[in-house]
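Heads up, the thing below is written out as structure tokens.
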Amino acid sequence: MNILELFYKEIIKEAAIGRINGSDFPYNILFETDIPSLKIKTSSRIEDENVLVPTLTIKDIEKFNNLLLEYVETRCKFSEIPEKDALALIWSNATPEDFNNPIEFLQRQIDFLQDDLLLTCNNIISKSEVLNSDININISRSSINSETPYRMEITLSDQSSEEKYFLPDVYLGISDGKAYIYAIQKDRKKVNEGAFSKRINRILYKVNDGLDPHDNSENFDTGNLKDVSASFVLAANITLGLLNSLGISQVIVPSILITRWNGKELANKRRKEAGLTINEEEHDILQSNLTEKLLRTFRRLEYHHSGINVESYPFESDSTMHINISNTSTSSNQILDETFNLDISKVKAK
């Protein structure tokens, strides 16, 4: 069965029941499909008030097919993944707007895979006087289940002891001159321990310098701006600074990926049907923390920087946060000002 046959004969039918059979195991991926020109319309049979079923609307079937083929071929060359898995997993990273505009979405996903600009940030070292350490930046390939094909890994290192401090990884992609940041996550395999890590943790308290602890959010009840991990703020700050040095001024941060949300709800539902005990509120709390923490992280940077501006919040114009970066941005916070404006002239290859 070729790629298009897989998509039309299996993917969209299995997606309608929220269970796409992958090469090794099934994926809890749920969406309906509407293709007016082919008079194809699938309907979900999932009845769950906690599940919001998006509809993949394909208006230009020829463009969609061409881009779908290009995406799968590019994805499979990028990493060893079966075609059907590639056809399924891509929809895990779609926003509600992406399901309505799949042609733009597919092109963006292709751009993420083919982008060379982000790779110019790979294997670089810069010195931080405030942190008294080297800042090591690497661009690595993400797992096939991740939101983006690449992630930025930022490590602080102590030359005298060779100890390291790992900042959270930033999952991002570049398309059409814009950066899309989907997640900032700690890698559980990277453990911060030892004297150097303790020293960095003490210094990171300075990320709060200049912050009014009573400055509460007026958007989405996301709590106090201080309620964000300093390591996450620093990782985001370095990332925006590097993007700015690449000439990128527009950054888009998706607030929720509906298919991933549904997938966890469906998994919990099946566990419950199997007689297993589940925490009904755990998923809501986890998603709320992930989404709100991500948004608060960028709001913190807006608070500290003169040239970082949130132009719109999720669900004001679409489901994403839109950020503008000025190349003249400054901050009164010493750590954030220095690590945003890294001395690129001193950056060298490993």
Side-chain angles (χ1 to χ4, degrees), residues 2-4 6-8 10-12 15 20 22-23 27 29-31 33 35 54-119 121 139-152 169-185 239 243 246 248 250-263 318-322:
N2 63 35
I3 293 173
L4 294 179
L6 274 174
F7 181 75
Y8 290 105
E10 295 189 11
I11 294 292
I12 65 174
I20 297 179
S23 56
Y27 299 109
I29 295 176
L30 171 68
F31 61 86
T33 305
I35 313 173
T55 299
L56 175 63
T57 305
I58 305 172
K59 297 175 183 177
D60 189 327
I61 191 69
E62 184 177 356
K63 284 186 179 180
F64 178 86
N65 286 347
N66 289 337
L67 286 170
L68 188 66
L69 289 170
E70 183 179 356
Y71 169 77
V72 173
E73 291 169 0
T74 305
R75 176 80 240 195
C76 292
K77 287 179 181 178
F78 183 86
S79 56
E80 294 183 3
I81 177 175
E83 291 178 348
K84 187 174 181 182
D85 292 59
L87 284 167
L89 288 173
I90 185 175
W91 306 108
S92 295
N93 304 318
T95 66
E97 294 79 26
D98 292 331
F99 279 101
N100 291 328
N101 301 284
I103 289 174
E104 294 178 10
F105 172 66
L106 287 172
Q107 184 60 65
R108 188 183 312 124
Q109 296 299 310
I110 294 168
D111 291 345
F112 288 173
L113 290 164
Q114 296 180 336
D115 173 63
D116 292 325
L117 185 58
L118 185 61
L119 296 178
C121 295
I139 305 299
S140 304
R141 294 193 176 195
S142 305
S143 71
I144 60 173
N145 294 310
S146 298
E147 294 86 347
T148 58
Y150 289 108
R151 59 178 174 166
M152 183 177 291
D169 296 338
V170 181
Y171 290 79
L172 73 167
I174 296 175
S175 173
D176 194 27
K178 300 176 183 177
Y180 294 76
I181 299 179
Y182 284 76
I184 303 176
Q185 299 173 352
T239 301
L243 291 173
L246 297 176
I248 293 176
Q250 296 294 317
V251 177
I252 297 170
V253 183
S255 64
I256 185 170
L257 300 176
I258 192 64
T259 310
R260 290 177 182 266
W261 164 269
N262 287 339
D318 55 30
S319 65
T320 66
M321 172 183 276
H322 292 257

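Note that the structure is predicted; figures quoted are calculated from it, not measured. Throughout, numbering of the chain's residues begins at 1 and tracks the sequence.
- Looking only at atom types and distance, the side chain of E70 has no donor-acceptor partner in the side chain of N66 under 3.5 Å away.
- Proximity of a side-chain donor or acceptor of S255 to a complementary backbone N or O of S319 within less than 3.5 Å is detected.
- Under the 4.5 Å side-chain criterion, counting only non-hydrogen atoms from C-beta, T74 is in contact with Q114.
- With T320 contributing its side chain and P254 its backbone, the two residues share no donor-acceptor pair below 3.5 Å.
- Rounding to the nearest 0.5 Å places CG of L68 at 6.5 Å from CG of L4.
- Rounding to the nearest 0.5 Å gives a distance of 9.5 Å between CD1 of I174 and CD1 of I181.
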(request) Go through the steps to decide whether L246 and C121 satisfy the test side-chain contact (heavy atoms from CB on, under 4.5 Å), and finish with yes or no. (result) CA-CA 9 Å; L246 297 176; C121 295; 3.7 Å; yes
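- Using a 4.5 Å heavy-atom cutoff, the side chains of Q109 and E104 are not in contact.
- Between the side chains of S175 and Q107, not a single donor N or O lies within less than 3.5 Å of an accepting N or O.
- The side chain to side chain contact (heavy atoms under 4.5 Å, CB included) test with P54 is passed by exactly one of N100, N262, T95: N262.
- Distance CD1/I103 to NZ/K63: 6.0 Å, rounded to 0.5 Å.
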(request) Take E83 and L6 through the test side-chain contact (heavy atoms from CB on, under 4.5 Å) and record every step on the way to the result. (result) CA-CA 8 Å; E83 291 178 348; L6 274 174; 4.2 Å; yes
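- At least one donor-acceptor pair under 3.5 Å links the side chain of D85 to the backbone N or O of S23.
- A pairwise comparison of heavy atoms in A86 and Y71 identifies O-CE2, 3.8 Å as the closest pair.
- Contact check for N93 versus R260: side-chain heavy atoms found under the 4.5 Å cut-off.
- Inter-residue side-chain proximity for V253 and H322 is flagged as unmet; no heavy-atom pair is nearer than 4.5 Å.
- In this structure, the ring of W91 has its center less than 6.0 angstrom from the ring center of F105.
- Residues Y150 and F112 place their aromatic rings such that the two centres sit no closer than 6.0 Å.
- Between T57 and F99, the closest side-chain pair of non-hydrogen atoms is not below 4.5 Å.
- Note that CD1 of I139 and CG of L119 are 7.0 Å apart. Values are rounded to the nearest 0.5 Å.
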(request) Apply the test side-chain contact (heavy atoms from CB on, under 4.5 Å) to residues F78 and R141: give CA-CA distance (whole Å), side-chain angles for both, the deciding distance (0.1 Å), then the verdict. (result) CA-CA 9 Å; F78 183 86; R141 294 193 176 195; 3.6 Å; yes
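- The structure places CZ of R151 at 12.0 Å from CG of L172, a figure rounded to the nearest 0.5 Å.
- The CH2 atom of W261 lies 13.5 Å from the CG atom of L30; values are rounded to the nearest 0.5 Å.
- Looking at every heavy atom in both residues, A88 comes nearest to I20 through CB-CG2, 3.7 Å.
- Of the possible polar contacts, one joining the S142 side chain to the T148 backbone as a donor-acceptor pair under 3.5 Å is found.
- Contact of the R75 side chain with the L113 side chain is registered, since non-hydrogen atoms from C-beta on lie closer than 4.5 Å.
- For the pair D115/P149, no side-chain contact is recorded, criterion being any heavy-atom separation below 4.5 Å from C-beta on.
- Within the 4.5 Å cutoff, side-chain heavy atoms of S92 are placed close to those of I29.
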(request) Report the C-alpha distance between T33 and Y8 in whole Å, list the side-chain angles of each, state the deciding distance to 0.1 Å, and finish with yes or no for side-chain contact (heavy atoms from CB on, under 4.5 Å). (result) CA-CA 10 Å; T33 305; Y8 290 105; over 6 Å; no
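- Results of the side chain to side chain contact (heavy atoms under 4.5 Å, CB included) test with I3 over I11, L87, N65 single out L87 as the only residue that passes.
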